[in-house]
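Written out below as C-alpha cells is the structure these notes cover.
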Amino acid sequence: QVQLVESGGGLVQAGGSLRLSCAASGRTLNSSPMGWFRQVLGKEREWVAAITWSDGTTYYPASVKGRFTISRDKTKNAVYLQMNSLKPEDTAVYYCAAGRPFGDPRLASDYDYWGQGTQVTVSS
C-alpha cells in the first residue's frame with residue numbers, strides 16, 4: 001500500500017507559478033514511476049508529468065513541456081511539480097499517483113495509488 005498526500009494548490013494569476021508537493025508513505029517506490037495528473041470536471045484525467053523513482057528520468061506531454069518540472073526527493077519520500085508560466089487552461093484538480101513497478105509512466109491505468117487531489121486555479 002502507498003499513501004499519497006498532495007499540497008500546494010491554490011489561486012494564481014496567469015503567468016504565475018505554483019509548486020505542488022506529494023508526500024508518499026508505505027511501501028518502497030524503487031521501480032515505480034511517480035506521476036502527476038490533472039482533471040477538469042466532466043473531462044478525462046490528463047497526464048502532465050512523470051518521473052522514474054529509481055533514476056529520476058522525467059517525462060512530459062507537449063502541453064506542459066518547458067513550463068512544468070517534476071522532481072523527487074528520496075530522502076523525504078516526496079515528489080514535486082513546479083509549474084511556471086501558468087495559463088487559465090491549466091486550471092484543474094491535480095493528482096499525485098504512484099505507478100506499478102516498470103509501468104508506463106504516461107498511462108493512468110498503470111498507476112495503482114492516487115492522492116486526494118489539490119485544486120489549482122489560474123485566473124486570466
Side-chain angles (χ1 to χ4, degrees):
Q1 290 284 340
V2 177
Q3 293 77 43
L4 303 169
V5 179
E6 303 100 332
S7 61
L11 173 64
V12 64
Q13 287 189 332
S17 299
L18 276 176
R19 187 189 192 218
L20 305 183
S21 299
C22 174
S25 60
R27 69 163 173 81
T28 58
L29 303 168
N30 285 340
S31 303
S32 299
M34 294 293 295
W36 286 96
F37 291 76
R38 65 188 180 188
Q39 189 168 23
V40 176
L41 192 63
K43 295 189 177 181
E44 288 190 1
R45 194 162 292 191
E46 177 189 9
W47 167 62
V48 295
I51 188 166
T52 304
W53 190 260
S54 56
D55 64 7
T57 301
T58 58
Y59 307 85
Y60 304 95
S63 58
V64 305
K65 197 167 186 178
R67 299 190 299 123
F68 290 11
T69 303
I70 189 171
S71 61
R72 79 315 194 203
D73 186 333
K74 287 188 171 182
T75 63
K76 297 182 179 179
N77 238 28
V79 179
Y80 307 98
L81 184 67
Q82 177 67 43
M83 305 185 293
N84 298 328
S85 303
L86 283 163
K87 306 175 182 179
E89 51 263 43
D90 294 318
T91 295
V93 177
Y94 282 70
Y95 297 89
C96 174
R100 61 195 61 166
F102 308 108
D104 188 325
R106 302 162 296 176
L107 299 179
S109 57
D110 274 15
Y111 287 79
D112 291 330
Y113 302 99
W114 296 82
Q116 81 288 351
T118 185
Q119 176 71 46
V120 171
T121 303
V122 184
S123 63
S124 57

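- Under the rule for a salt bridge (Lys or Arg N to Asp or Glu O under 4.0 Å), the partners of Arg106 that lie at least two apart in sequence or sit in another chain are Asp104.
- Between Thr69 and Tyr60, the closest side-chain pair of non-hydrogen atoms falls below 4.5 Å.
- By the rule that hydrophobic residues join a cluster once side-chain heavy atoms approach within less than 4.5 Å of another member, Val93 and Val120 end up as members of separate clusters.
- Atom CD of Gln13 has 12 or fewer neighbouring heavy atoms from other residues, nucleotides or ligands inside a 6.0 Å radius.
- Distance check: Cys96 SG to Leu20 CG gives 9.5 Å after rounding to the nearest 0.5 Å.
- The shortest side-chain heavy-atom distance between Pro33 and Tyr59 does not fall under the 4.5 Å cut-off.
- In this structure, the side chains of Tyr94 and Glu6 stay at 4.5 Å or more apart for every pair of heavy atoms.
- Between Val40 and Ala92, the shortest heavy-atom contact is CG2-CB, 3.9 Å.
- Checked against a 6.0 Å centroid threshold, the rings of Phe37 and Trp114 count as neighbours.
- Both Met83 and Ile70 belong to a single network of hydrophobic side chains, linked directly or stepwise wherever heavy atoms of I, L, V, M, F, W or Y lie under 4.5 Å apart.
- The nearest pair of heavy atoms linking Ser123 to Leu11 is CB-CD1, 4.3 Å.
- Residues Leu4 and Met34 form a side-chain contact, since some pair of their non-hydrogen atoms from C-beta on lies under 4.5 Å apart.
- Between the CG atom of Asp90 and the OG1 atom of Thr121 there is a distance of 11.0 Å, given to the nearest 0.5 Å.
- Distance CD/Gln82 to OG/Ser21: 9.5 Å, rounded to 0.5 Å.
- Grouping the Ile, Leu, Val, Met, Phe, Trp and Tyr side chains by contacts below 4.5 angstrom, directly or via other members, places Val48 with Val79.
- A donor-acceptor contact shorter than 3.5 Å links the side chain of Arg72 to the backbone of Trp53.
- In this structure a side-chain-to-backbone donor-acceptor pair under 3.5 Å is present from Arg67 to Ser85.
- Ser63 has its side chain out of reach of Glu89: every pair of non-hydrogen atoms, C-beta onward, lies at least 4.5 Å apart.
- Annotation for Lys65: atom NZ does not count as buried by contact number, only 12 or fewer foreign heavy atoms lying within 6.0 Å.
- Atom CG of Asn77 is separated from atom CD of Gln3 by 11.0 Å, given to the nearest 0.5 angstrom.
- Here the straight-line distance linking atom CZ of Arg38 with atom CD of Glu44 works out to 14.0 Å at 0.5 Å rounding.
- Taking 4.5 Å as the limit, some side-chain heavy atom of Trp47 sits within range of a side-chain heavy atom of Pro61.
- Linking Ile, Leu, Val, Met, Phe, Trp and Tyr residues whenever their side-chain heavy atoms come within less than 4.5 Å leaves Tyr80 and Tyr111 in two separate clusters.
- Side-chain N or O atoms of Lys87 include none that pairs as donor or acceptor with a backbone N or O of Val122 at under 3.5 Å.
- Under the 4.5 Å side-chain heavy-atom criterion for ILVMFWY residues, no single connected hydrophobic cluster contains both Tyr95 and Val64.
- Smallest separation of non-hydrogen atoms from Asp112 and Arg100: OD1-NH2, 2.8 Å.
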Residues Thr57, Ile51; criterion side-chain contact (heavy atoms from CB on, under 4.5 Å); working and verdict: CA-CA 5 Å; Thr57 301; Ile51 188 166; over 6 Å; no
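- The nearest pair of heavy atoms linking Pro88 to Ser124 is CG-CB, 3.8 Å.
- A distance of 8.5 Å separates CZ of Phe68 from CG of Asn84, quoted to the nearest 0.5 Å.
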